Structure formats: structure tokens, C-alpha cells
Amino acid sequence: MSDLTASAVSPDAKPKARQDFAQSETGESAHKWVYLFSEVEEAEERFDGSWDRVRGLLGGKGANLADMTRLGIPVPPGFTVTTEACLEYLERGAEFPPGMWEQELAAMEEVETETGKEFGNPDNPLLVSCRSGGKFSMPGMMDTILNIGLNDEVAEGMVKLTDDARFVYDSYRRLVQMFGSVAMGVPDEVFEEVITRQRQKAGVATDAEMSAKDWQEVTEKFKEIFRRYTGMAFPTDPDEQLQLATEAVFKSWNGKRAVDYRNAAGISHDLGTAVNIQTMVFGNMGADSGTGVAMTRNASTGEPHPEGDFLINAQGEDVVAGIRATQPLEELGDEMPEIYEQFLEIGRKLEQHYREMQDMEFTIEQGKLWLLQTRDGKRTAQAAVHIAIDMAEEGLITKEEAVRRVQPAQVDFFLHPQFDDTARKENEPIATGLNVSPGAAVGVIAFDADTAERWAKEEGRKVIMVRPETKPDDVHGMLAAEGILTSRGGRTSHAALVARQFGKPAVVGVSELELDLDNRVMRVDEELLIEEGDWISIDGTNGFVYQGKLDTMVPDIKNPYLIKLLSWADEFRTLGVWANADYPRDAQRAREYGAEGIGLCRTEHMFFEAERLPIVQRMIMAPTVTEQNEAIEDLLPMQRGDFAGLFRAMDGQPVIIRLLDPPLHEFLPAFEDLVQELADQKVRLQHHTTMSEIDQSLAEIRIKQDFLERVEALREMNPMLGTRGVRLGILIPELTKMQVRAVFEAACQVTREGVDVHPEVMIPLTMHVNELKTQQTALEEEAKAVMEEQDIQIDYKFGTMIEIPRAALTADEVAEVAQFFSFGTNDLTQTTFGVSRDDAEAGFLVQYIERGILPNNPFATIDPDGVGKLMKLAVEAGRQTRPDLEIGICGEHGGDPESIDLCHKLGLNYVSCSPFRVPIARLAAAHAALNDK
Ligand code: PEP
Ligand code: MG
């Protein structure tokens, strides 16, 4: 709560604000700062009907309350103070803009007329709530104050009117409590302690059993706390309450938790929040009252049935806070069938109107249903896909909208870890809760957000954050954690909402868990004791909690809704989606995920395999060309086998095989290791006594000595910019010839088997067209020789990677030789920035991004202004020379949605990424095409 202290209203804020009301009389008040819920059309007119801008002005909540009012849905009357007023207030250093306050008071009078009640009149009191609401929903991130308008006289009057003193004083204490904690920064625990003591004094176990007198005493004690902490009396003037509440909401826009949330969710800090003032309706007025939250469809799975929670005789915050056990929405059908039917009907109407799944808050006051909020419901990735497909098939939205509604990052969820079947069979869950955000998570327990963040960020540990329930202040810990586990709370609790939004597996409401935060332990079913730092595993898909560290696996994406969505995406995209794969099994998976070719096979990966490395080393160490060629010949059948496997897997599709790229020293032991080993061996030699020991040691020393000499000869200060890529092929022509021979022999072999094969031979790291010319002559001769030997013609291409700025800048020349380009943006980024990726990511890059020196990691998202510009030049120049030049990308960026958008704009033919990112790339490519329309 300490962050709220900063947002507390300073005692002198009021006089300053009042000065402005005086100023407003000078005629500066023409601007409209306040809109009644019934005035939404004026806002629409102002923005020529742009609903997006109306939402920007009134906030999502305010705009929708006004919209629901227009639709004839029962909404308690009220008004919205605009986001413009908030920004102006903050800009002026905590002063209301001229005219705003008078407009707010005038709007209150309208609400009085509409409700027939009067703000501050004990005989017929109007109470209002004051809630924040920015353009984008930020659940629980900003402030809410309920029951504004209550004071001692009004409370007395209400007791007479309602004949329910218990209800009135419960409401009154809530006002003082919220006012104190939200507007003035008084720690909430201080208030909660008073309630606990009062319960003990009254000898009752729950708040529900407290009497009117108990709540009256609590209210008085709260006022005393208020005075003690703020140095001022609790404000009894309803207008003053309204003013301070409005200011508190304005200020909460810049509160720490709101800023943290916006940073995490990528919401702009310049939007401001609106303030919604709305007539209070009470769900805690007896057995015919209640309150709840519900979604029109299942937010976890996407099933087309409403789901939600409600509480009879309770106020809204009780449901969200998870303090009392809620009832599932269907039970409302048994308890209040007519209200239930009416609610379902409203849900249908709202879904039809917004063409989106809705998340609604409702209150039933003495048998009358009121809607307090509706907004597009947050949902899991799984639900997002399911709902998009269903809505398109129901005719509510188009296929295009369905595709647009699912974000590429959400597709990632389908590739998230799940516990593997054996782990599930072999382990009994120790507890079960609500499965509110799917996926498996494994980590050590951290009992608070700061610990979770520290362990995860500073110590690189995998963490599960475990709390009784979460609050907005906990978000940083939740983001750092692998998963979230709470002992309380329901499907719409804070923990559940945030987890779903950020794709964190979460299990909530695990009632068997008893947390002892003081001693940093938890008990399960009162016996099993688990300490902070111990491993646990949670399954957000079914709500199971396991002790220890279970094995996880990534599922195959066989979800029928996802398959359909991706097939729709394919109808819109123009970019091809290929995969980077080195082995037939990867190629197979890539194909299952929808890849249309292999954009990069890194042949060196095959060279590193255990049985091949000695042959590769023999080749590098060979003292004579003959011996070198012998080693190369030994590699040939292996490479042929590799390529044949890839071709079979990609039958009918192009396969780009890149010739050897890395510097040769990578295949030999490290220089430093060799020096150390040699030194050790020489020491040991002195201690050997038998001849055979000495002989053996000398032989080993000789081998190491040879390695060392060769490694020294190959040593370069920066091998990543040295003898690698095409340079290798030029220096050891037999090696590249062998690779080409292997490609073509494999191609001929599989052609005979009936496979339709399209190899493309790719030269890495070209800097000058002459390098390509040299290679092309040698390689085409070899290719021709194989095809003649085998008497088969293979349809092939010969091309190059563009990884060096010079190659991009001279692309017109390069394209005279190359039939295709593939941007190796990993190296192109390194060479354009002049930094090594590994060094940068492990070093200065983090700071650069945190300090805003670079907008983001250029190794993750293509730098559009530098690397992107080079790509653009290369595409244009290359196609000038060769209009049908095939151009793709095979750097890591090929699977990044933002980079895919750039590739689309540059007119590339395809992107190539790792098999696991193929589904994401398919959707991102569709979005790129749709955004371009
Ligand atoms: C690249 O540089 O982008 C590329 C794909 O090659 P590698 O990562 O193998 O250097
Ligand atoms: Mg490269």
C-alpha cells in the first residue's frame, strides 16, 4: 500500500482546486469535462462516430455504461468525468481544470432528478460510487470508493428508511475504510485488524454474524484511525467526499501499481483515466439481493456457455476479493430463476451488440437486476481461439475478424509445456483448486512477490508464487513467476485474471492449503509441511497441485479450433512460411505445423554428431591434401543420408541446404583446454614409472600437441568475422564439392524412389559477388557431374545468404549469380551493429534496452531503420537484376511477429523459422497481409 501514500490527496489540494472553480467563472468553462451516461451521443458526434475515440475519452467502463444505458439495459444512473480532465488535472499539478467541478456538481443534480434522491439528504439519500476506468481495462489497478455520500446524519436517516441498521453501518464503515486506504494511503491492514478484534469481542466467526452495533463501533474506530493517520477528520460533507474521491482516482493513474501494470501490458502512459460516478445499488440488502461477475462464455476453455460466480447478500468487492466462497452462476437459476433468465438475455444482447465475449458485473438489489459494468472478457489463448472460431461460425463476426482476434503470441500457448502422461500417472496431486489458466508450471515456492521477482530475475530460479490471494501490488512477482498458486479466490479473482492475461499457468482457491507466511511454510490438509524454496508443480489445465518437480512436455498442436484458425489464416497470408530444420524429424514436425519448405538446413549440426566429429577433425588435421580428401570422402555417405532424409520429409517442397558455415576451430578442442591438458599431462609424465605408462602418456601428448598447433594456426581474434562461411569453401574446395555431391546424389536417389525434390544450395556469409562466382563454377560442375553419372535432371537453385552489409549494398551484382537470397538476420544484425550477439545479450544490451538507448532487442525484432533499410535496398536491387529472385529470411527474426510484418512489407517470398514457431508465423503473416489491405 505504500505506493498509494504518494497518491494521497495533500491537505492543501482542496483550496487549490477551489481556486479553479472561481477561475471557471471567467468564461474558460466551455469545454465539456463531464458526460452523463445518457449523453454518449454527444461524445460520438464530437468524434464523428469513432467509438474508439469515445472509449479514449470516457474510458472503456464509462463508454460501455453509457452504451448499455442507450441499449435499455438497467444501469444505475451516473456520469463520467473524462480522461481529458484527468490529464489536465495531472498536467496542472493536481488542480481540476476550470469548469470541471461545476460540471460534476451539475451532473450530480441530474442524477438526483433521475433517481429522485438527494446527495446528502438524510431523508432521501443518494449514495454514489466512484470508480476509475481507462481506455484499456487494467483490472484492480486503480482506485474505487463506494458509498460516497454517507455521514452520521445520512446514516441515521438511512436506518429509518431501510430499518436495517446493520446494512447501513456496514456500508458506512466500508466508505471510511476505502476512503482511508484508497484516497489517503492508510494501510488497509490497520482497518482489517479492527474488524478481527471486533469479531473476537462479539464472539463471532464471520463478518456476516456481526450486528449493527458492532459495525457502528467499527465505523467510529475507523474514523479515529483516519484522523490518526491523515491528521484530518473524516470528511462529512458529501461534496467534499466526491471531490477527494475524484482526485484520488485521477492520481491513481500514476500510482506505482498502475504504472507497473501498463509497462507489463504495453499500455501507453499518456491516456489518463476517466472517473465514473454512479448511483449505488446494494447487493447486501438481504436474501433477495446479491452480486456477481460473469462472462458470456467460458474464459478458460472458450465453451459457449456463460460462467461466473455470485454471492447472495454481499457487496461487489466480496466476490472479486475471494474472501467468501462464491456460488457458480448456474445456481442463480435455482435461487432466482427470473433474474437468471433476465441476466442471460442481457448477456446475449451485449454479445450481439459488441460482437465479443463480455465480462459483466451485476448486482441484485431487493429483487431488481442492475448491470454495473460490461467489457470484452479476458480469456486464455485456448478460449480466444475457440471463441473466435465459434463466433465466425455463428455469423457474429467474419473469418477475417476471427483471424485478427487471435494474437500470434497466443498461438504459443498451444506449444506450452504440459505435464507428461507418466509424470501425471506416477504422481498423486496433494491438492486441487480451480484451473483458471492452463499449462504446467514447475518451480520453487516463493511466498511473496518481491521474493519471487528476486529469485527469478537475480538468481535465475524457476519460481511458483504462492499467496492466500493476489492483489494488484503483486503483479511484478506474478510476471516473474512460472506459475501462480493461491489458497483463496475464484475464477474471476485477481490472480485468475492476471494469470490468464499473461499466459501464466495458475491454480487458485486451493482450500486445503494453509499458508503460514510468518514462518514461511504451508500445510496441506493440516499435515504435509512444505517450506518456501521447496519445489512444487502446478497444472493450470486441471487445477492439480503436486509436490516436487514433475517432468513436462510440449504437446502437439492437435487442437481442432487452432487447426481451423490457422487454415483460415493461410487464406489471407501472402508470405510463405518455411522452417529451419536440420534433421528429418524436425522437418517432419515443421511440415505437420504447416511449413511449406525448409529455409535453412545448417549442415554443420550434422558434423558435430559424436560419430562424425572424429572424421571432421581428421579432415582438419590432415597433413596432406590426399589425407584430407580421404576424410572428406568418409563424410560423403553420411551427408548423403542426411539430405535424402530431409528430401523425403519435404516431398514436393523446396529444401535449402546451406554449405558449411562456422570457423573450423569450432570442431577442435578449445585452445585454453588444450594448453591446460598438455601442462597436466607433462606433470603426470614425470610421475610415471613403467615404460608402458610413459609410452601412452607420450602418445597422448603428441596428439594434443598436434591439435594445439592446428588450433593455433586457425586462431583468429574474432573468428565470427573471420575465416568462415563462403571463405571455407574457397579455401577447402573439396569440402564444399563433397557437400554438393551429397546433395545431388541424395536428390537423385530419392527421385528414383518417387520423391519430388527441389534442393537449393545456399552459400553463407558472402561479402563479394566474386566469391559466389568462384564457388558457383566449382559447384555447378560437381552438380552437373552427379546428374550425368546418375542420368537424372534435378530442378535446383543456387543462391546466397545476405548476412553482410556489403552483400546487401551490392545486391544487384550478387543477384547476377545468385538465384535466391536468404537474409541471415542474425549475422546481418551483428555485422550492421558491429556487435557480437552473445557478448551484447550477456552484457550491455540489457542496460541499453532498460535505459531506452535501443527501443528493443535487435536480435529478437529486426531493427527497421538499420537492418531493415539494408534489406529493403537488397530486395529492390536484387529484383532489378533478377525480377523473379526468390527472397526469404532465415535468421531468428523469421518467427517474430513484428519482424514478419516488416518482411511482408518488404515483399519477401517467405519467412523461415524454427518448427515450433511455424504456427505463430502463419498467423503473424496473415495479420501482416490484413494490416496491409
Ligand atoms: C543468420 O545469420 O541469420 C543465420 C541464419 O545463420 P546462423 O545463425 O547459422 O549464423
Ligand atoms: Mg549466419
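From a predicted model like this one, the values you see are computed outputs, not experimental measurements. Atoms within each ligand, like the ligands themselves, are counted from 1 in listed order. When a residue number appears, it is its place in the shown sequence, counting from 1.
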Where's the contact between [X] and ligand 1, heavy-atom distance under 4.0 Å: side chain, backbone, both or neither?
X: N826; value: both
X: L600; value: side chain
X: E892; value: neither

Query raised in the report: With no hydrogens and no angle check, do the side chains of T800 and T766 hold a donor and an acceptor under 3.5 Å apart?
Result: yes
Query raised in the report: For residues Q676 and D673, is any side-chain donor paired with an opposing acceptor at under 3.5 Å?
Result: no
Query raised in the report: Ignoring hydrogens and geometry, is there a side-chain-to-backbone donor-acceptor pair from K504 to L479 under 3.5 Å?
Result: yes
Quick test: of every protein heavy atom, which one is nearest to [atom], and how far off is it to 0.1 Å?
atom: atom 7 (P) of ligand 1; result: R602 NH2, 3.4 Å
atom: atom 10 (O) of ligand 1; result: D827 OD2, 2.9 Å
atom: atom 6 (O) of ligand 1; result: R658 NH1, 3.0 Å

Report task. Measuring from the Mg ion (ligand 2), name the closest N, O or S atom belonging to D827. Result -> OD2
Query - the Mg ion (ligand 2) - name of the N/O/S atom of E803 that sits closest to it - result: OE2
Requested in this report: Give the numbers and elements of all ligand 1 atoms closer than 4.0 Å to a heavy atom of E803.
Outcome: 1 (C), 2 (O), 4 (C), 6 (O)
Query raised in the report: Between F643 and F744, is the gap from one ring center to the other below 6.0 Å?
Result: no
Query raised in the report: M801 near ligand 1, heavy-atom distance under 4.0 Å?
Result: yes
Query raised in the report: In terms of side-chain geometry, is the basic nitrogen of R879 or D812 positioned less than 4.0 Å from the acidic oxygen of its partner?
Result: no
**Report entry** Ion pair D865/K869, N-O distance below 4.0 Å
**Finding:** no
Query raised in the report: Think R585 forms a cation-pi with Y583, using NZ or CZ under 6.0 Å from the six-ring centre and within 45 degrees of its axis?
Result: yes
